[in-house]
Amino acid sequence: TNETMQYDMMYKKSGEYTISALSVKDMHTKTIQGKMPKNTSVSYLRAVGDYVYILGVTKDLPMLLCQNIQTGETSFGKIIPLNKRNFEIISFEINEDTQEVYLFTKDIAKNEKIVKFYVYKDGKKTNEMLLKSTDEEKYIVSAFASHLKDDSYLISGTYGNSSNKRSVTFTGIFIMNKGINGETKFLKYINYLDIKNFTSYLSERKQEKIEKKAEKKAAQNKEYEINYLMTPHNIIEQNGEYVLVGEAFYPTYEQRCEYYTSPSGGQTMRCYTEFDGYQYTHYFMLGFDSEGQTLWSNSAPLGIIEKPFQVVHYLSINQNNPFVQIIYSTWNSIILHNYKAGEEVSNNTILFTEENEKLINSISRTSSWYKDTFISYGRQKIKDKEEHEKREIFFIEKIQIAPTH
């Protein structure tokens with residue numbers, strides 16, 4: 001789904017596919033049929049402008065198909081891996097404002113980790129850049145792009161430390177500015193613990209424990225590392241500075257056990273570890289200048305209970321110069337924060353239920369709609385405290401926030 005259309009795709013092992021397009025404006029529908037290589041497994045479906053971009057794998061090779069919804073024409077984006085076994089898609093996202101598609105891939109050549117950045121527009125590849133680390137002990141783990149007003153790209157993501165041989169760590173975030181010709185204007189690495197209040201979502205006891213470990217490492221002239229993933233939002237440009245907002249999370253796992261009965265009647269138990277979703281813990285903000293120097297930072301807890309199996313955005317960001325508004329839904333309320341230069345100037349909490357109601361369970365999302373207007377929607381199960389009646393509802397709520405001055 002993008003700002004103007006919703007798309008659904010169905011495909012067969014033979015490669016035949018059908019894309020249904022629904023216009024949000026007039027509810028007009030259109031169906032496009034096509035064919036891609038046999039046995040293609042589709043991983044991503046993205047759409048912007050008149051194009052749908054289908055990214056998948058065929059015969060262990062990446063395949064990007066660009067489908068024009070208006071004309072029916074198709075073309076392939078050229079993605080050539082250096083090493084099929086170690087090739088990986090990092091991210092594949094769209095930019096509604098510029099109608100661009102951003103693809104990041106990870107590869108290995110001669111034991112060197114290589115990250116490539118591809119830009120597509122109107123069904124064609126318009127740019128391809130190589131992202132290189134300036135520190136041999138640091139490597140890029142995840143990457144996302146924003147198109148700046150000067151036509152350069154601000155790339156942000158997480159980095160790991162290759163000096164840690166025992167495990168893979170996501171030590172902090174990086175910000176990189178790439179010119180349209182591929183030149184690197186700056187590349188900065190920021191340890192998570194250098195972000196103000198980054199561990200504020202933890203109990204005081206756990207925060208003190210981390211601080212003591214960090215001090216011990218600093219005394220040894222080393223950097224203490226904590227392991228987090230993050231997903232950033234589009235860079236905000238205002239007042240001569242850049243603002244990056246990111247959501248921090250980590251994968252969780254659960255041990256499961258199953259009993260098996262042998263032909264002789266005996267029972268054996270097999271236990272295994274299974275991915276149990278991503279736990280979102282907090283968000284952070286960074287302000288930096290045109291040289292990549294950090295001007296300010298801040299962080300705050302996220303009251304998110306559900307654990308999605310895919311990386312999502314819970315925050316909705318609204319730019320209200322010189323303020324940055326952050327709004328999101330927890331299971332029982334809508335929370336709004338107003339920041340100016342990284343400092344919180346106001347906050348507001350809107351409860352989903354009245355005093356005579358009890359919220360049993362809830363799944364909701366809140367998104368920026370226009371200006372100071374947001375829309376919240378979801379499903380809830382509510383119990384009336386007096387009559388003890390339960391009801392399940394789907395709700396859509398329009399929220400207008402008074403402008404901050």
Q: Sequence neighbours left out, what passes ring-ring contact (aromatic ring centres under 6.0 Å, His included) with Y189? Give chain and number order.
A: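 For Y189, the residues satisfying ring-ring contact (aromatic ring centres under 6.0 Å, His included) (neighbours in sequence not counted) are Y159.
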
For a 4.5 angstrom cut-off between non-hydrogen side-chain atoms, does [X] reach [Y]?
X: V101; Y: Y118; answer: no
X: V345; Y: F323; answer: yes
X: L229; Y: V311; answer: no
X: K385; Y: E355; answer: no
X: K59; Y: K38; answer: no

So for atom [atom1], which belongs to [X], do other residues, nucleotides or ligands contribute more than 12 heavy atoms lying within a distance under 6.0 Å?
X: E204; atom1: CD; value: no
X: K212; atom1: NZ; value: no
X: K390; atom1: NZ; value: no
X: E386; atom1: CD; value: no
X: R365; atom1: CZ; value: yes
X: M27; atom1: CE; value: no
X: K340; atom1: NZ; value: no
X: E183; atom1: CD; value: yes

Q) Between T171 and N191, is a side chain to side chain contact (heavy atoms under 4.5 Å, CB included) present by the stated rule, with each step listed? A) CA-CA 6 Å; T171 308; N191 188 300; 3.9 Å; yes

Which pairs pass disulfide bond (SG atoms under 2.5 Å apart) with one or both residues in [range], sequence neighbours excluded?
range: residues 286-354; result: none
range: residues 331-383; result: none
range: residues 249-343; result: C257-C271

Q | Verdict with reasoning, Q33 to E16, per side chain to side chain contact (heavy atoms under 4.5 Å, CB included) | A | CA-CA 7 Å; Q33 293 181 329; E16 295 177 354; over 6 Å; no

Q: Just do the side chain to side chain donor-acceptor pair (under 3.5 Å) check on Y250 and N227 with the steps written out, would you?
A: CA-CA 8 Å; Y250 61 87; N227 204 350; over 6 Å; no

Q: From the options F249, Y192, F198, select the one residue that forms a ring pair (Phe, Tyr, Trp, His ring centres under 6.0 Å) with H282.
A: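 Checked F249, Y192, F198 against H282; only one passes ring pair (Phe, Tyr, Trp, His ring centres under 6.0 Å): F198.
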
Side-chain ([X]) to main-chain ([Y]) donor-acceptor, under 3.5 angstrom:
X: N197; Y: S200; value: no
X: S299; Y: Y283; value: yes
X: Y11; Y: V42; value: yes
X: Q319; Y: E237; value: yes
X: S297; Y: K196; value: yes
X: Y53; Y: G123; value: yes
X: N318; Y: S368; value: no
X: Q207; Y: L202; value: yes
X: Y280; Y: V312; value: yes
X: S362; Y: W331; value: yes

Reported [atom1]-to-[atom2] distance for the pair [X] and [Y], which is rounded to 0.5 angstrom:
X: M285; Y: N298; atom1: CE; atom2: CG; answer: 7.5 Å
X: L286; Y: I195; atom1: CG; atom2: CD1; answer: 4.5 Å
X: Q325; Y: L315; atom1: CD; atom2: CG; answer: 13.0 Å

Which residues share a side chain to side chain donor-acceptor pair (under 3.5 Å) with [X], sequence neighbours left out:
X: D26; value: S23
X: H147; value: E100, D151
X: D60; value: none
X: E357; value: R391

Q | For E211, salt bridge (Lys or Arg N to Asp or Glu O under 4.0 Å) partners two or more places apart | A |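 For E211, no residue satisfies salt bridge (Lys or Arg N to Asp or Glu O under 4.0 Å) once neighbours in sequence are set aside.
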
Exercise: identify the closest heavy-atom pair between [X] and [Y]:
X: K132; Y: M176; answer: O-CE, 4.0 Å
X: G160; Y: V141; answer: N-CG2, 3.5 Å
X: P301; Y: Y328; answer: O-OH, 3.5 Å

Q. Is the distance between the ring centroids of F104 and F144 less than 6.0 Å?
A.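 No, too far apart.
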
Q. Are Y278 and F275 close enough that their ring centres sit under 6.0 Å apart?
A.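 When the ring centroids of Y278 and F275 are compared, they turn out to be within the sub-6.0 Å range.
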
Q) How would you list all residue pairs meeting side-chain hydrogen bond (donor to acceptor under 3.5 Å, both in side chains) that involve residues 308-317, not counting sequence neighbours? A)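 Sorted pair list: T231-H313, E306-Y314.
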
Q) For residues 119-130, which residue pairs qualify under side-chain hydrogen bond (donor to acceptor under 3.5 Å, both in side chains), counting only residues two or more places apart or in two chains? A)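 Every pair satisfying side-chain hydrogen bond (donor to acceptor under 3.5 Å, both in side chains) with a residue in residues 119-130: K116-E128, K125-E128.
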
Q: State which residue, out of E258, Q255, R256, fulfils the side-chain hydrogen bond (donor to acceptor under 3.5 Å, both in side chains) condition with Y272.
A: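 When E258, Q255, R256 are each tested with Y272, the side-chain hydrogen bond (donor to acceptor under 3.5 Å, both in side chains) holds only for E258.
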
Q: Assess whether side chain to side chain donor-acceptor pair (under 3.5 Å) is satisfied between T330 and N332, documenting all intermediate values.
A: CA-CA 5 Å; T330 66; N332 65 349; 3.0 Å; yes

Q: Could you give me the CA-CA distance, side-chain angles and deciding distance for N68 and Y51, then say whether side chain to side chain donor-acceptor pair (under 3.5 Å) is met?
A: CA-CA 5 Å; N68 188 307; Y51 283 85; 3.2 Å; yes

Q: Applying side chain to side chain contact (heavy atoms under 4.5 Å, CB included), run through T294 and D194 and close with a yes or a no.
A: CA-CA 10 Å; T294 301; D194 291 333; over 6 Å; no

Mind listing the side-chain donor-acceptor pairs of residues 87-94 below 3.5 Å, one per line with the distance, residues two or more places apart or on another chain?
unit_1, atom_1, unit_2, atom_2, d
S91, OG, A143, O, 2.6

Q: Could you check T74 against F76 for side chain to side chain contact (heavy atoms under 4.5 Å, CB included), going step by step and ending with a plain yes or no?
A: CA-CA 7 Å; T74 60; F76 287 93; 5.5 Å; no

